[in-house]
Colleague: 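Have a look at the structure that comes next, please.
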Number of protein chains: 2
Amino acid sequence: MTDLQAPRAPFRRVTITDVARTAGVSVATVSKVINGRYGVAARTTERVQQVIDDLGYESSLVARSLRSHRTNVIGILVAEFEPFSTEILKGTSQAITGSGYELLAYSGGGRAGEDVGWERRYLSRLSGTLIDGAILVTPTVVSTGASVPVVAIDPHAGPADMPTVDADNFSGALLATEHLLRLGHRRIGFLGGRPDLESARLREDGYRIALERAGLTADPALMRVGGYQRHLAVGPAHELLSLPEPPTAIFAANDLSALGTMDVARELGLSVPDDLSVVGFDNVPESALTTPPLTTVNQPMQEMGSRAVDLLIQLMNGTEQVCTHVQLPTALVERGSTRPV
Amino acid sequence: MTDLQAPRAPFRRVTITDVARTAGVSVATVSKVINGRYGVAARTTERVQQVIDDLGYESSLVARSLRSHRTNVIGILVAEFEPFSTEILKGTSQAITGSGYELLAYSGGGRAGEDVGWERRYLSRLSGTLIDGAILVTPTVVSTGASVPVVAIDPHAGPADMPTVDADNFSGALLATEHLLRLGHRRIGFLGGRPDLESARLREDGYRIALERAGLTADPALMRVGGYQRHLAVGPAHELLSLPEPPTAIFAANDLSALGTMDVARELGLSVPDDLSVVGFDNVPESALTTPPLTTVNQPMQEMGSRAVDLLIQLMNGTEQVCTHVQLPTALVERGSTRPV
DNA sequence: TATCGCTACGAAAACGTTATCGACATCGAT
DNA sequence: ATCGATGTCGATAACGTTTTCGTAGCGATA
């Protein structure tokens with residue numbers, strides 16, 4: 001740890017004590033006024049409120065939290081600010097307004113790999129003190145042991161031992177693959193996500209099953225892992241498209257790798273969708289803007305965020321075990337990146 | 001305020017007292033061990049550390065903060081999670097790693113209008129307690145009075161009385177307009193941002209001056225305010241393109257309104273860039289993906305974010321008044337949405 | 001042996017809140 | 001007049017840390 005010391009400006013925060021002194025009452029009374037508790041005369045309330053306004057007093061979140069163990073803040077941990085998380089963030093951020101809670105976001109900063117377990121550390125540091133509950137949008141598993149209610153979004157670690165909300169990854173992959181089959185494609189490549197992620201496994205299952213139902217069988221030679229990131233996808237996509245007998249269509253397990261695939265196709269002089277059909281997964285905003293626009297599977301990301309908030313609030317209110325696993329439907333979005341063979 | 005009470009799980013946080021009791025020392029000693037302070041024997045340190053690991057103790061950020069007024073956390077307030085803020089977030093999030101600080105993001109949730117002053121309230125609530133410093137990415141002005149160092153990114157309120165980092169909006173707008181002029185356009189429409197924002201004013205100035213330098217004069221009939229959002233831009237853009245003598249090119253003051261403009265053009269059966277040239281501002285990731293890809297002015301958003309945290313950290317360390325206003329250069333990015341008349 | 005200096009440790013006071021509970025009025029009813 | 005009820009308010013103990021400062025131990029020096 002770096003040893004920093006901060007000579008701060010000589011500004012002094014106005015505390016509840018200042019208000020009390022100025023208003024000529026005790027801190028207890030001021031606290032009551034602030035929290036609208038019973039037992040203070042109308043005249044007093046008015047006077048105290050006036051002083052509060054005059055002094056511009058704002059109660060210290062920290063002190064309040066320390067004492068009451070209640071902050072009305074829920075934290076959301078995202079691994080990184082990529083399109084998917086950002087959409088989730090929008091959803092939560094919208095759902096939170098008017099709920100009486102506030103939202104605080106923390107990002108691991110994309111330091112995947114080296115710093116394993118940061119989610120756990122953060123959860124532990126923040127919980128019981130700074131936040132009343134948390135939403136996890138992190139790829140790696142966070143086992144239980146948190147001291148606050150937690151709900152996971154798209155729990156990449158599988159049906160975890162905590163409440164979750166996710167989308168129907170399996171059906172979505174089914175939809176995507178069937179779409180390609182319906183277009184007449186038979187050699188369909190697959191660009192998977194990180195194999196340790198549950199969503200990636202489910203999407204691969206969907207791909208397999210769809211093929212089998214069509215009387216085909218998944219060919220390992222046509223399958224690569226694309227790592228859910230644009231730049232990670234170009235290598236594997238390149239391999240696929242350089243095959244002696246390349247696929248006529250590729251199902252990429254998320255939009256970012258689909259974009260990467262289209263980059264590679266362009267680079268190789270292949271036209272999408274004329275020479276190659278591409279379908280993605282997620283329907284991030286970007287996917288509608290590409291040339292051609294990407295056919296993909298929609299995940300209602302913003303709704304996932306808002307459902308997570310609802311779930312968490314129910315949990316925090318102790319409303320006993322509501323539906324503990326919300327799964328939202330996925331749907332095919334046909335755009336320009338797919339075409340009959 | 002809703003009156004919520006939370007019957008929480010009977011989980012008890014392990015506190016420093018627990019550690020102290022288990023290790024058979026005082027809390028003071030444990031605190032010293034945690035913070036690596038001088039005055040504790042090697043054997044004791046070792047034993048305490050062992051207990052800490054065993055119990056899985058994590059110090060409470062809140063209590064620590066309350067006492068020491070130091071959290072090593074810097075807060076970043078964004079108005080909303082739109083592409084611009086998100087890029088900034090990425091930049092800050094990257095720059096923060098390894099600095100010894102942590103990043104906590106808060107979003108106003110897009111409740112512009114009604115809830116004016118939330119930034120101020122939040123700053124006040126968080127500062128002095130939860131965060132050691134703050135970065136503001138909010139459109140409306142936040143006057144001083146904060147009790148912690150603050151730096152503003154793209155301070156829409158003009159050269160504020162606080163350290164800022166922004167991009168050279170004026171030159172950027174100059175570049176964009178000159179580019180259109182060079183292509184032979186003479187009737188150039190302008191879609192401005194919110195008139196109360198400094199960046200919007202500067203971009204409009206750039207537009208005007210570029211025209212004047214070319215011996216032209218800005219025609220109010222060709223200027224509309226587009227509000228920096230995609231859906232807000234469609235109305236004004238529609239007006240512009242329905243003019244008896246419509247412009248042959250439009251300079252939109254940010255990428256989002258440029259996208260809106262292209263939507264309208266498409267709807268009207270106009271081809272971009274054949275019938276209409278469009279240039280945006282910001283160079284958000286989306287702008288490279290549109291059809292055609294958008295010619296725009298690059299703002300180094302991630303760098304702006306990272307410079308902001310550098311600046312803030314210097315401020316917090318008390319390194320006296322370093323460069324207090326960082327302005328980063330803008331550059332034209334020529335893509336497919338512009339063409340000679 | 002008395003004194004000193006040093007190290008290792010603990011007692012206790014903060015930090016700014018909230019919550020409990022007792023004190024003191026005031027007042028209507030007996 | 002006395003009593004209880006009711007309505008206002010304030011002392012004070014927490015909450016989990018950090019930090020200051022005092023003190024006990026102890027070997028070395030005078």
Side-chain angles (χ1 to χ4, degrees), chain A residues 1 3-6 8 12-21 23-48 52 55 57-73 124-130 132 147, chain B residues 1 3-6 8 12-21 23-48 52 55 57-73 124-130 132 147:
Chain A
M1 292 305 131
D3 193 313
L4 318 129
Q5 64 260 33
R8 192 77 46 60
R12 220 185 63 84
R13 224 189 121 74
V14 23
T15 76
I16 200 176
T17 316
D18 300 325
V19 176
R21 193 156 2 99
V25 295
S26 77
V27 293
T29 305
V30 178
S31 178
K32 284 175 198 155
V33 169
I34 294 169
N35 301 310
R37 243 171 267 291
Y38 173 81
V40 31
R43 271 190 53 83
T44 319
T45 301
E46 191 182 345
R47 183 158 39 100
V48 170
I52 290 180
L55 267 50
Y57 167 74
E58 286 281 348
S59 73
S60 158
L61 190 55
V62 163
R64 176 205 300 270
S65 159
L66 180 58
R67 170 60 220 228
S68 67
H69 286 267
R70 198 94 217 302
T71 60
N72 279 6
V73 169
S124 169
R125 274 170 71 89
L126 267 42
S127 69
T129 56
L130 222 179
D132 293 341
S147 49
Chain B
M1 290 305 133
D3 192 312
L4 317 132
Q5 66 260 32
R8 193 77 46 60
R12 220 185 63 84
R13 222 189 124 74
V14 23
T15 77
I16 200 177
T17 316
D18 301 325
V19 176
R21 194 158 359 102
V25 294
S26 76
V27 293
T29 305
V30 177
S31 178
K32 284 175 196 155
V33 169
I34 293 169
N35 302 307
R37 242 170 267 293
Y38 174 82
V40 30
R43 269 190 53 82
T44 319
T45 301
E46 190 182 347
R47 183 159 39 100
V48 170
I52 289 180
L55 267 49
Y57 167 75
E58 286 281 349
S59 74
S60 158
L61 190 54
V62 163
R64 177 205 299 267
S65 159
L66 181 58
R67 171 60 221 225
S68 67
H69 288 265
R70 198 93 217 303
T71 61
N72 278 6
V73 169
S124 168
R125 274 170 71 89
L126 268 42
S127 68
T129 56
L130 223 179
D132 293 342
S147 48

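Chain letters run A, B, ... following the sequence lines, proteins first, then strands; residues in each count from 1. Nothing here was measured: the structure is a model prediction, and the numbers come from that model.
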Colleague: Give me the atom names and distance for the closest heavy-atom approach of B:Val73 to B:Leu61.
Modeller: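 The pair with the smallest heavy-atom distance is CG2-CD2, 4.4 Å.
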
Colleague: Which is the 5'-most and which the 3'-most nucleotide of DNA chain C that has an atom under 4.0 Å from a heavy atom of chain B?
Modeller: C:dT7 to C:dG16

Colleague: Taking for each residue the nucleotide of DNA chain C with the nearest heavy atom, is it B:Leu66 or B:Gly24 whose nucleotide lies nearer the 5' end?
Modeller: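 Result of the comparison: B:Gly24.
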
Colleague: Are any side-chain N or O atoms of B:Thr45 and backbone N or O atoms of B:Ala41, one a donor and one an acceptor, separated by less than 3.5 Å?
Modeller: yes

Colleague: When you measure from the side chain of A:Asn35 to the backbone of A:Lys32, do you find a donor-acceptor pair of N or O atoms at a distance under 3.5 Å?
Modeller: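 Between the backbone of A:Lys32 and the side chain of A:Asn35 there is no qualifying donor-acceptor contact (under 3.5 Å).
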
Colleague: Whole Å only: how far is the CD1 atom of B:Ile52 from the P atom of D:dT17?
Modeller: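 Distance check: B:Ile52 CD1 to D:dT17 P gives 10 Å.
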
Colleague: Could you pull out all residues at least two apart from A:Ser60 that satisfy side-chain hydrogen bond (donor to acceptor under 3.5 Å, both in side chains)?
Modeller: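 For A:Ser60, no residue satisfies side-chain hydrogen bond (donor to acceptor under 3.5 Å, both in side chains) once neighbours in sequence are set aside.
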
Colleague: Could you check whether A:Val62 gets within reach of a base, just the sugar-phosphate, or nothing at all, counting any heavy atom under 4.0 Å?
Modeller: nothing

Colleague: Between B:Ile34, B:Val30, B:Val33, which is the residue that forms a side-chain contact (heavy atoms from CB on, under 4.5 Å) with B:Val19?
Modeller: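 Going through B:Ile34, B:Val30, B:Val33 one by one, the side-chain contact (heavy atoms from CB on, under 4.5 Å) with B:Val19 is satisfied by B:Val30 alone.
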
Colleague: Which heavy atom of B:Arg37 sits nearest a heavy atom of B:Val40, and at what distance?
Modeller: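 Smallest heavy-atom distance, with atoms named: O-CG1, 3.7 Å.
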
Colleague: What is the distance from NE2 of B:His69 to C1' of D:dT18, rounded to the nearest Å?
Modeller: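 Value for this atom pair: 11 Å.
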
Colleague: Figure out the CZ/P separation between A:Arg70 and D:dG16, and round it to whole Å.
Modeller: 17 Å

Colleague: Rounded to whole angstrom units, what separation is found between the CG atom of B:Leu61 and the P atom of D:dT17?
Modeller: 11 Å

Colleague: Axis-to-axis angle across the helix from C:dT1-D:dA30 to C:dT30-D:dA1, five pairs an end, to 10 degrees?
Modeller: 80°

Colleague: Please list, chain by chain and in numerical order, all residues satisfying side-chain hydrogen bond (donor to acceptor under 3.5 Å, both in side chains) with A:Arg47, sequence neighbours excluded.
Modeller: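 side-chain hydrogen bond (donor to acceptor under 3.5 Å, both in side chains) check on A:Arg47 returns nothing, list empty.
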
Colleague: Rounded to the nearest 0.5 Å, what separation is found between the CG atom of B:Leu55 and the OG1 atom of B:Thr15?
Modeller: 9.5 Å

Colleague: Checking A:Ala28 now: which residues fulfil side-chain contact (heavy atoms from CB on, under 4.5 Å) with it, not counting sequence neighbours?
Modeller: A:Ser26

Colleague: Check every atom of D:dG16, D:dT8, D:dG10 against the side chain of B:Thr15 and return the nucleotide holding the closest atom.
Modeller: D:dG16

Colleague: Judged by each residue's nearest nucleotide on DNA chain C, which is more toward the 5′ side, B:Ala63 or B:Ala41?
Modeller: B:Ala41

Colleague: Round to a whole Å and report the spacing from CZ of A:Arg47 to C1' of D:dC9.
Modeller: 11 Å

Colleague: What pairs with A:Ser59 under side-chain hydrogen bond (donor to acceptor under 3.5 Å, both in side chains), at least two apart in sequence or on another chain?
Modeller: A:Arg64

Colleague: Can you list everything that forms a side-chain contact (heavy atoms from CB on, under 4.5 Å) with A:Val27? Sequence neighbours excluded, please.
Modeller: A:Ile16, A:Thr17, A:Ala20

Colleague: Using a 4.0 Å heavy-atom cut-off to protein, can you give one letter per nucleotide of nucleotides 19-27 of chain D, 5' to 3': B if the base is in contact, S if only the sugar-phosphate is, - if neither?
Modeller: B--------

